[in-house]
Each structure stands twice: as structure tokens, then as C-alpha cells.
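Have a look at the structure below, then the notes.
Just so it is clear, the model here is predicted, and its values are computed rather than measured. We're numbering straight along the sequence, starting at 1.
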Amino acid sequence: MADPSSYRPKPGQIPDSPGVYRFRDEHRRVIYVGKAKSLRQRLANYFQDLAGLHPRTRSMVTTAASVEWTVVSTEVEALQLEYSWIKEYDPRFNVKYRDDKSYPYLAVTMNEEFPRVQVMRGHKKKGVRYFGPYAHAWAIRDTVDLLLRVFPVRTCSAGVFKNASRTGRPCLLGYIGKCSAPCVERVSDEEHRELAEEFCDFMTGRTGTYLRRLEKQMMEAADEMEYERAARLRDDIEALKKAMEKNAVVLADATDADLIAVAEDELEAAVQIFHVRGGRVRGQRGWVTDKVEEITTGALVEHALQQLYGEETGDAVPKEVLVPALPDPLEPVQEWLTGRRGSNVSLRIPQRGDKRALMETVERNAQQALVLHKTKRASDLTTRSRALEEIADALDLDSAPLRIECYDISHLQGDDVVASMVVFEDGLQRKSEYRRFQIKGFEGQDDVRSMHEVITRRFKRYLSEKEKTGEWTDGENTLAASDGDSTLTSPGSLTDTSSGPLTDTASAPLADGFKDDEGRPKRFAYPPQLVVVDGGQPQVAAAQRALDELGIDDIAVCGLAKRLEEVWLPGEDDPVVLPRTSEGLYLLQRVRDEAHRFAITYQRTKRAKRFRSSPLDDVPGLGETRKQALIKHFGSVKKLRSATIDQICEVPGIGRKTAETIAVALAQAAPAAPAVNTATGEIMEDEESETTAETSGEPVSAGAPDERRGHET
């Protein structure tokens, strides 16, 4: 625990102007971001007597090891920079709202030639009109199904649309009148786009115009004795009214507004948002957060506004935002919202009337959301805490292992040897920090040697990062960290010159445990409290030996053997046996099984890629499209191998120089061994097997064992 006075800036160093400040811990990770009208006054509050600080604020300042700040011109700029840095650094002591689900939106793709109505989740795309969010996707589909009678806009995928255009026949919706069928040119692109615009207008609340127009058309059809047409218009009117009934009128003045309510206790807060458009509730969403800092209701509202509108512009920001408490100060937030919308935005607390009554409804929803969240989490949090305490007691650790890394080796009878590293923090998966390794330091099957290589490479990089920050000054440790230099060759690949390449293939954004001096992602810089290996005494001994060789003595190691689920410790002849009902054993099993799953997935991917390989893969500059064109033209690699250069040049897209390169590559490549159909055991003809492998992409085994019998570790 750090003493705040050790990094407290001198009073004259802190400017008395608006700005944004960052607290960093001993690993240079950003742990808190804040803004202030006066940096000098705000930062002074953090460096008073610890006894006078709020417990969570005290925890933050004692975890931090340094503080830095950036001066800006106005409070609005400070608000924008604070939001950007919170999104970038993901600081652990800031309020972070967690969506309780991925909310679906009704989207109209106005950026396409023929706009499409569909359900969308995730990040919003440019040129797409969004309505919602809705609580359930089926609610969107029900609404769309009703509206398609009046606004027959395209709803099909690109593949269905293209197929209908090719065949000249529309899909079922086109036949039953729920699609205007632009795919077969029943309407022009201008007419279809006008339909999509009318659909969007109706969804934004301008419903009266269309109802009056349809009623007028119905009366005219009845007067002209076109009773069938009048009946269809009557049904259309009923469909629109039914769609409107799904969103009851809550504000009689057709207001566009968002209502935000907060329910909180000392530790957590729940936020509920109702999106009202045209006086009707068009969407609802909710967030829950841990109150890791001392924070007021107004500050919670400010963070909710940043989360809600930080990436929105235009009409996505309503004219009116109703809140339970106003941020302090109010003016910068209101000016920021006005800038996001492009016109004035009113931010206020409703006092009476329909808006106050609706706010009370939103507040009740927030209270219920908080109660439900605490009910769900109580048992889970208690269980995780007990599991970590049981592991600490069983392994005789000084404290609970808040970060656990688990390693597993996977191969198929010695081929495609790979390893996985999974990370659990506070008993929960951190998939953004998973890593995968290729074992290339040696050939063949040796799980113990593979485990030693992986642990060595992972913690060599950790020591290298510590050496960069100056935390390792001892000569022996510095030598260990530098021995076998690791070089960053690309954003996703590390090359360890002593033991082959290490591939970093995590697909999600990195967590704050792997940040560089500016808080941006870097790899393998944050150590675990416990390393778990999948295996028994030999694997545990190999992992411990790797750490000893690197001079690391503050990381515990254990192994979990599959057969009897016993826990092995380095240098111990007898395992630690945890009760079968132990929560600690259950957590270790989950960690081990996740590492096994992650390794197996990677190993199978590599194996499938190897089976689908072809001599054409080695031809430089020959992409997938031209390879398929060659196989389609000649029928098989065998026939391509016997073709002349002039014959190869006949393939579209293949020039003479490329044809010569292909001929040389195929001449140097040895013919493939007879392939075996693993389903029947028959030896396949060369032409048949090569054609199958190249055109279908299915793996054709050349003497490889049946996958169901193969040994996967």
C-alpha cells in the first residue's frame, strides 16, 4: 500500500485551471480518471488525512503510485477528454456501467440502394436509422410484421435479394403483399426508398398523417364501390392502430425525451432509461454499476449521460432529457449535449404532471432492477470469494489469488503442438487476456518440455517489461530477463529468438493489466498470483523450474491432474486433496477446463488448415480467388501439374510470369501420397482426391488417423 504523500505534487506545480487528471498504480496502469474546474483545488482533496477520506477514495489513493494531469481551455473540453480517457484506459476505480443485456434495435439501412428493415445489435453504423432499443427482438418482429402491410419495405438478406433478382421470382413476402419486391423491379429504387422514408417517419411518431391519408383513401374507394380495395385499406388502418397500441401514449404533447432514473445504495447503483418519441415509449434499457468511488447522484447521472450519448449525434440525442438530479456544474454538460445534437437540449428535473408521473415509473423500474441484480449476484459473489479463500488456504498462500493464469498443452499424436493461457480475475474469465502459443522449440511430443518452454517465454516477456520500467535493477534478474531476446514483430505476433515464435491471438480488446506507459495495450506485463498447469508432478516441476531459472519467486504454482482431480505443488511427494464439494476445487476445475477448451480449439484450427494445404499455397502472390479459378479450369492439381505454361495462361487473371512461377512450384512439389477416405477406408484416385480437397475445402487424409481415435491432449 502506497503512501499518498510519497507522490503528492508540490502545491505550486498544480495549475489552477480546468483539466483532466489520471492516477496510476505501480505498474503504470491508469486506475482513475477525473475532471475538475480547478485542478489545484480538486487534487488537494485527495491528499488530505487518510482518516478523513471516504473508504473507496482512500483505497484508490493508496493503490496509486503517481498522478498526472492535462490542462484544457474549458470545462466542456474537460468533459470530452474525461469520456475519451475512460473509454481508452478502462480505469478500475471509475464508475463503469454494465449493460444487463445486448439490446436489439429496429434498423433501416438507408445507406443501401434498396433500404432493408431488420433487427440489429451492437455498435451503430453510419447511414442506418435506428429505433429503440427494445426489450425483446420478438417485439420488433411483431411491430414490423404489422407495418409491412402499409409500408412493404424489403426485409430480406443480401443473398436472398440477389437470388430473387437472378431468378426473376420474388420471395414469399413479395407474393403475399408484404414486400414491394424491388428485386424483380415491381417498384423502382426511388419508389422503394420513399416507402422506407415513410416507414421511418411513422416510427418517429408522425402517425396521424398516414392514418388520415389511409382513411381518406378508404372512403374514396367505398364511394367508387371498390369494396375489395376499401377492405384492404381498412385492414391496413387496423394494422397501424394495433402497432401504435404496442406503445401506449405516456406524454400527451408528443414529446421527444429520454427519462433517466437512478436507484442506489452504498455499494451499487442501477440506472434505467426510457426512450420516449412522439409521446410514446419506444425503448427501454438498464445499467448496473459498482460504486468504486465516492460519488453523488448527480455525478452518476453525468456518467450515464456520457455512456448514453458519448457516441451519438443528431436526432439520437433528444430535445429533452429528464433526470432525478442535475450534474454539478450543469452548464458544461448541457453545452456538451447541445453540441452532440446540433441544437438546444434541455436537461432538467420534472416537477409535476405527466412527466413527473412517468419519472416515478422509471424510478420503480430502477429499484426493481437493483433488487434483482443484488439477488442474482449475492450468491455468485459469495461463492467466488469463498472459492478464492479455500484455494489460498489449501495452497498456503499469503492472500487470495485474485489473478489466476492456467496453461495447457494440446497436440494430435505429436503434431501441431500448441499451448493456451487463460486468465481468471476475481474468479471470472478475462477473455481479452487469453493467449495462444505455438511450440516450435523442438519437434515431437513432450508435454513437460512444452510446458517449460511456454512458462519461460511468457515470464521472460514479463521480466522484459519490468526491466523497461526500471523495476528490476539486480544484475542477475536483468540478465535473466534479457537472455533470449523477445522482439515485437507485429501487433499480433511475438518472436522469441530462443524458442520460436509466440503468437498472440486474443480477439477482444486488452484489459488494463497490459498497458504501456501511456496506458495503451501491451502484452504480458501483469503477473498472476497463481499459475495453474494442466497436469501432475512433471508439469508442475517444469513450470516451477522455468520460474526459478528466471529468478521469479513470488508467483505460486500448482497443477490439477485430471484422473483424481488432485492438486500438486512443487517439490511435494503427495498431492493436496480438496473435498469434492469444495468451491475452490470447482473453480480450479473451471480454470483448467477453460484452458483445455481454448487449447483444443486452436489445435483443431491448425490441423484443419494443414489438411487443406496445397502446393499452390507456396506460390507467392497467388490469392484464394485465382487458386480456385485454376482448379475450376483444370479440374485438379494433377492436371494443372501436367499443363504447359501457355495452357495455364488461358486461365483468366493468370499472366505469363505467374504461370511460370506456378509451373516451377508444382514441379518442385512432391506428388501427394494416395489419399484415404476416412469414412469408408477406400483409397481415392489422385484426380478425385485432389479435386475434392481443392474445391470443397474438406480435409482429405493421407494416412492420417481417424479424428475420433486420435489423441488430443
Inset, instruction - Work out which heavy atom in H192 is nearest to a heavy atom in P182; give both atom names and the distance. - result: CD2-CG, 3.6 Å
Inset, instruction - Indicate yes or no: at least one non-hydrogen side-chain atom of R436 is less than 4.5 angstrom from one of M421. - result: no
Legend entry - Separation between CZ of R166 and SG of C183, rounded to the nearest 0.5 Å: 12.5 Å
Legend entry - Check against side-chain contact (heavy atoms from CB on, under 4.5 Å), E198 and E194: CA-CA 6 Å; E198 291 178 349; E194 184 178 349; 3.9 Å; yes
Inset, instruction - For residues I260 and M359, determine if any side-chain heavy atom of one lies less than 4.5 Å from a side-chain heavy atom of the other. - result: no
Inset, instruction - Rounded to the nearest 0.5 Å, what's the gap from CD on E215 to CD on E220? Could you check? - result: 12.5 Å
Inset, instruction - Can you sort out the partners of R348 under salt bridge (Lys or Arg N to Asp or Glu O under 4.0 Å), two or more places apart, ordered by chain and number? - result: E320
Inset, instruction - Return the minimal non-hydrogen interatomic distance between A270 and A366, and the atom names on each side. - result: CB-O, 3.7 Å
Inset, instruction - Without swapping roles, check the side chain of N94 against the backbone of D90 for a donor-acceptor pair under 3.5 Å. - result: no
Inset, instruction - Would you confirm whether T338, through its side chain, and N344, through its main-chain N or O, come within 3.5 Å as a donor-acceptor pair? - result: no
Inset, instruction - Examine distances only and state if a side-chain atom of Y130 and a backbone atom of K125 form a donor-acceptor pair shorter than 3.5 Å. - result: yes
Inset, instruction - Give a yes or no on whether the backbone of G427 and the side-chain of R590 come within a donor-acceptor separation of less than 3.5 Å. - result: yes
Inset, instruction - For the pair R430 and E433, find out whether any cationic side-chain nitrogen is under 4.0 Å from an anionic carboxylate oxygen. - result: yes
Inset, instruction - I would like to know whether V321 and Y309 meet side-chain contact (heavy atoms from CB on, under 4.5 Å); could you show each step before the answer? - result: CA-CA 11 Å; V321 181; Y309 304 118; 3.8 Å; yes
Inset, instruction - Starting from the C-alpha separation in whole Å, work towards a yes-or-no answer on side chain to side chain donor-acceptor pair (under 3.5 Å) for Y89 and R22. - result: CA-CA 10 Å; Y89 298 128; R22 294 176 288 184; 2.7 Å; yes
Legend entry - Nearest non-hydrogen partners of V33 and V20, listed with the distance: CG1-CG1, 3.8 Å
Legend entry - Spacing of CD belonging to Q628 relative to CZ belonging to R626, to within rounding of 0.5 Å: 13.0 Å
Legend entry - Residue pairs fulfilling side chain to side chain donor-acceptor pair (under 3.5 Å) with at least one residue in residues 323-333, sequence neighbours excluded: none
Inset, instruction - Take R597 and E594, measure what salt bridge (charged side-chain N to carboxylate O under 4.0 Å, His left out) needs, and give me the verdict at the end. - result: CA-CA 5 Å; R597 180 203 63 79; E594 178 67 0; 2.9 Å; yes
Legend entry - Neighbour count above 12 (heavy atom, 6.0 Å) for R356 CZ: yes
Legend entry - Smallest separation among heavy atoms of V362 and A261, with atom names: CG1-CB, 3.5 Å
Legend entry - Side chain proximity check, L322 to K355, heavy atoms < 4.5 angstrom: yes
Inset, instruction - Using the six-membered ring wherever Trp is involved, compare the ring planes of F199 and F151 and label them parallel, tilted or perpendicular (cut-offs 30° and 60°). - result: perpendicular
Inset, instruction - Just say parallel, tilted or perpendicular for the rings of W336 and Y83, cut-offs at 30° and 60°. - result: tilted
Inset, instruction - Compare all side-chain heavy atoms of F274 with those of N365 and state whether any distance is below 4.5 angstrom. - result: yes
Legend entry - Qualifying residue, where the test is side-chain contact (heavy atoms from CB on, under 4.5 Å) with R186 and the options are C179, P170, S180: P170
Going by atom type alone, with no hydrogens or angles, which donor-acceptor pairs under 3.5 Å involve a side-chain atom of residues 106-116 and a protein atom two or more places apart or on another chain?
| residue | atom | partner | partner atom | Å |
| --- | --- | --- | --- | --- |
| T109 | OG1 | R116 | N | 2.8 |
| T109 | OG1 | R116 | O | 3.3 |
| N111 | ND2 | K126 | O | 3.4 |
| E112 | OE1 | R154 | NH1 | 3.0 |
| R116 | NE | T155 | O | 3.2 |
| R116 | NE | C156 | O | 3.0 |

Legend entry - Pair E335 + R340: basic N to acidic O under 4.0 Å: no
Inset, instruction - Determine the minimum heavy-atom distance between L347 and L326, stating which atoms define it. - result: O-CD2, 3.7 Å
Legend entry - Separation between OG1 of T70 and CD of E82, rounded to the nearest 0.5 Å: 12.5 Å
Inset, instruction - Begin with the C-alpha distance, continue with both residues' side-chain angles, and end with the deciding distance and a verdict on side-chain contact (heavy atoms from CB on, under 4.5 Å) for V271 and L300. - result: CA-CA 9 Å; V271 176; L300 284 171; 5.7 Å; no
Inset, instruction - Compare every heavy atom of G298 with every heavy atom of A325, then report the nearest pair and how far apart it is. - result: CB-N, 4.0 Å
Inset, instruction - Please examine the side chains of H596 and I600, heavy atoms only from C-beta on, and report whether any two atoms are closer than 4.5 Å. - result: yes
Legend entry - Side-chain heavy atoms of E77 within contact of P18, under 4.5 Å: no
Inset, instruction - Output, in order, the C-alpha distance, side-chain angles, deciding distance and verdict of side-chain contact (heavy atoms from CB on, under 4.5 Å) for L259 and Q272. - result: CA-CA 8 Å; L259 289 87; Q272 283 287 308; over 6 Å; no
Legend entry - Side-chain heavy atoms of T313 within contact of V317, under 4.5 Å: no
Inset, instruction - Any chance you could measure W85, atom CH2, to Y21, atom OH, to the nearest 0.5 Å? - result: 12.0 Å
Inset, instruction - Walk me through it: do R169 and T167 pass the test side chain to side chain donor-acceptor pair (under 3.5 Å)? - result: CA-CA 5 Å; R169 296 197 304 269; T167 61; 4.9 Å; no
Inset, instruction - Please tell me if the side chains of H275 and L308 come closer than 4.5 Å, counting only heavy atoms from C-beta onward. - result: yes
Legend entry - From OG (S420) to OH (Y602), nearest 0.5 Å: 11.0 Å
Legend entry - Check ion pair E302-K35 (N to O, under 4.0 angstrom): yes
